[in-house]
2 protein chains.
Amino acid sequence: MLDNTDISILNELTKNSRITMKELGEKVHLTGQAASARVAKLEDSGVIEGYTIKVNQVKMGYFIQAFITIITQSTYHQPYLSFLKTQEPYIIHNNKISGDGCYLLECKFPSNEKLDEFLEDLNEHANYKLSIVINK
Amino acid sequence: MLDNTDISILNELTKNSRITMKELGEKVHLTGQAASARVAKLEDSGVIEGYTIKVNQVKMGYFIQAFITIITQSTYHQPYLSFLKTQEPYIIHNNKISGDGCYLLECKFPSNEKLDEFLEDLNEHANYKLSIVINK
DNA sequence: GGGTTTGACTTGATTAATGAAAGGAGTTGA
DNA sequence: TCAACTCCTTTCATTAATCAAGTCAAACCC
């Protein structure tokens, strides 16, 4: 389904998704038009889900990143999930997982105070275990 | 440092980083040139770290995503870190964390067999706790 | 073998975006 | 009040993207 040229295209776009089709073509030994057609196919087939940017969260004022293992008290998760929707700026990903806990929540905070507030509010819907990210 | 226009620009680029500067300008009520200058500034200041794509990992053959909490046996982490470098296609992020364990490893695998192999090899350098991602 | 279809690429013409230069409006501070 | 600065717009030359043919090779069929 995907040949080596497709893989090269995905690698190049992963490194820089704003590259021109002409340049991309040069890197994978195609014309800009052919590269463009390949990319369109990758989009249509759903391999490329979208184009986005990497934002420096520290420069945006989010100094703390954390993983929070969630253990919901009741069997109804809805209160917790509804709560999450009210906390959008802090949430990166909410992963439903096997193993310890029901969810592994990846999130970011501007300060320990905000994190503390969040945990206080969270505690009304679920128990948790907190892991702060020191480095990636 | 960042005004509302900058925030709008970051939101638009997060949704679609291949938008033309002209279109981006229209969305934030600027000319293409002015939008382009803003974006250049965001790049120079390091707020925008890069442009990339979202790839559908399932369509790439990675059917399993997992979080693995790593507890290294010795105080020397180097053997574990070196091991990771040999397993690159499977690794998404290796987060050094506080709390349970030394690291929280985010990774992807094409099959349970490959995951099993990985865990066997991992076990020579560290203990672990496995969480499979069911949903995001 | 001859003919047709299909998929992937290139070429060439048209349309659109980009980048550079010049200039205007608003703000700041001496 | 004036100069310096920032941020934006306008204009124009350059460059890239797009669309429509056209080429080429492989696969298939009679």
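The chains referred to below are lettered A, B, ... by the order of the sequence lines, with proteins before strands, and numbering in each begins at 1.
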Closest to the 5' end of DNA chain C, once A35(A) and R18(A) are matched to their nearest nucleotides, is A35(A)
Protein-nucleotide distance (D3(B), atom CG; dC8(D), atom C1'), rounded to Å
13 Å
Euclidean distance, atom CD1 of residue I19(B) to atom C1' of dA16(C) [Å, nearest integer]
15 Å
Whole-Å distance separating the CD atom of E43(B) from the P atom of dG19(C):
10 Å
Is the phosphate of dA8(C) approached by K41(A) (side-chain N or O, under 4.0 Å from OP1 or OP2)?
yes
Please determine, for the side chain of M21(A), which listed nucleotide (dC7(D), dA17(D), dG19(C)) has the closest atom?
dA17(D)
What's the NE2-C1' distance between H29(B) and dT9(D), to the nearest Å?
16 Å
D6(A) CG - dA8(C) C1' separation (whole Å)
12 Å
For Y103(A) and H77(A), take the angle between the two ring planes, folded into 0 to 90°, and tell me which bin it lands in: parallel under 30, tilted 30 to 60, perpendicular over 60.
perpendicular
Take atom CG of L42(A) and atom P of dA8(C), then tell me their distance rounded to the nearest Å.
12 Å
Which one, dT18(C), dA16(D), dA8(C), comes nearest to the side chain of T20(B)?
dT18(C)
Tell me: CD of E23(A) to P of dT15(D), nearest whole Å?
13 Å
Given F67(B), which partner from the list I132(B), L130(B), N95(B), L104(B) fulfils the side-chain contact (heavy atoms from CB on, under 4.5 Å) test?
L104(B)
First locate atom CD1 of I71(B), then atom CG of D100(B), and finally report the distance between them rounded to the nearest 0.5 Å.
7.0 Å
Can you tell which of dT9(D), dA17(C), dC9(C) lies closest to the side chain of L30(A)?
dC9(C)
Looking at Q33(B) and dT18(C), is any side-chain donor or acceptor paired with a base atom of the opposite kind under 3.5 Å?
no
Give the rounded distance in Å between these two atoms: CE of M1(A) and C1' of dG7(C).
15 Å
Find the distance between CD (Q65(A)) and CG (L115(A)) and round it off to the nearest 0.5 Å.
12.0 Å
Parallel, tilted or perpendicular: which describes the rings of Y90(B) and Y62(B), with under 30° parallel and over 60° perpendicular?
perpendicular
Of the nucleotides dA17(C), dT9(D), dA17(D), which has the atom closest to the T31(B) side chain?
dT9(D)
Looking only at side-chain atoms of R38(A), point me to the closest of dG19(C), dC7(D), dC9(C).
dC9(C)
